[in-house]
Amino acid sequence: MTGSILLLFLGVLFIVAAVLLVIKPWWVAAVPAYVGLCFLHWSKLASFPLSTFIFYGIATLMVMGIRYLLPKGEPDGKSTGNLYLGLGALMGCLLGLILETRFMLLGTILGTVMGALAFSRTPAGKWLLFPKSNFIQYLCAKGLGIIIAVAMIGYSVDGIIYGINVITSQ
């Protein structure tokens with residue numbers, strides 16, 4: 001029992017770290033989100049199928065590769081776009097979780113796109129030029145990592161909620 005509580009605590013700690021890395025990126029946020037997903041599964045509170053671990057493991061490796069290949073920061077040397085994309089993705093994920101779990105990924109994607117649109121309207125993001133290819137390239141490069149990390153965060157939160165509901169109903 002103590003081991004399960006420790007694994008649950010570590011899982012929640014890694015999920016919180018992933019949320020912070022989505023908003024203020026200094027490392028790949030998908031890695032702590034994946035580790036948190038694993039810890040939550042091992043704690044027996046949340047149970048995920050093997051296909052989830054395979055899919056998100058491959059996605060995390062892809063995001064790490066993309067992060068390695070991307071130039072550091074944005075053209076102005078800042079990373080303020082992640083604040084808009086990250087908060088948009090988190091709000092979309094939360095809205096998807098409120099509606100139903102199957103809408104969570106769709107909410108995450110739409111939230112990321114809306115965050116990128118909001119960022120392109122700020123003075124720091126005016127270089128994106130919304131209908132041009134700069135916007136699509138930025139959205140694909142930065143948004144994919146955010147979508148993967150926030151989707152794992154959302155599945156973890158859903159697993160915790162489901163696990164608590166199962167425990168309290170017994």
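Numbers for residues simply follow the sequence, beginning at 1. Quick caveat: nothing in here was measured; it's all calculated off a predicted structure.
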Side chain proximity check, Thr122 to Tyr84, heavy atoms < 4.5 angstrom: yes
Non-neighbouring partners of Phe53 that pass ring-ring contact (aromatic ring centres under 6.0 Å, His included), sequence neighbours left out: His41
Co-membership, hydrophobic cluster, residues Leu106 and Met152, 4.5 Å side-chain: no
Hydrophobic cluster membership, Leu95 vs Met114, 4.5 Å side-chain cutoff: no
Rounded distance [0.5 Å steps], CG in Leu99 versus CG in Leu94: 9.5 Å
Approximate separation, where rounding is to 0.5 Å, of Leu7 CG and Leu45 CG: 11.0 Å
Pairwise ring pair (Phe, Tyr, Trp, His ring centres under 6.0 Å) hits with a residue in residues 9-32, at least two apart: Phe14-Phe39
Close side-chain approach of Pro32 and Leu21, heavy atoms under 4.5 Å: yes
Pair Ile160-Val12, side chain to side chain contact (heavy atoms under 4.5 Å, CB included): steps then yes or no: CA-CA 9 Å; Ile160 291 171; Val12 170; 3.9 Å; yes
Atom pair CD1 (Ile146) and OG1 (Thr112), whose distance is rounded to the nearest 0.5 Å: 6.0 Å
Within-4.5 Å side-chain heavy-atom neighbours: Lys142 and Pro25: no
Rounded distance (nearest 0.5 Å) linking atom OH of Tyr155 with atom CG of Leu40: 15.0 Å
Gap between atom CD1 of Ile109 and atom CG of Leu144 - 0.5 Å precision: 9.5 Å
Residue pairs, two or more places apart or on separate chains, that pass salt bridge (charged side-chain N to carboxylate O under 4.0 Å, His left out) and touch residues 84-109: Glu100-Arg102
Min side-chain heavy-atom separation Leu37-Thr52 under 4.5 Å: yes
CD1-SG distance between Ile98 and Cys93, expressed to the nearest 0.5 angstrom: 10.0 Å
Working for side chain to side chain contact (heavy atoms under 4.5 Å, CB included), residues Ile23 and Asn82: CA-CA 6 Å; Ile23 295 171; Asn82 280 79; over 6 Å; no
Pairwise side-chain contact, Met62 with Ile148, heavy-atom cut-off 4.5 Å (strictly under): no
Side chain to side chain contact (heavy atoms under 4.5 Å, CB included) assessment of Ile147 paired with Leu105: CA-CA 8 Å; Ile147 289 169; Leu105 185 59; 4.3 Å; yes
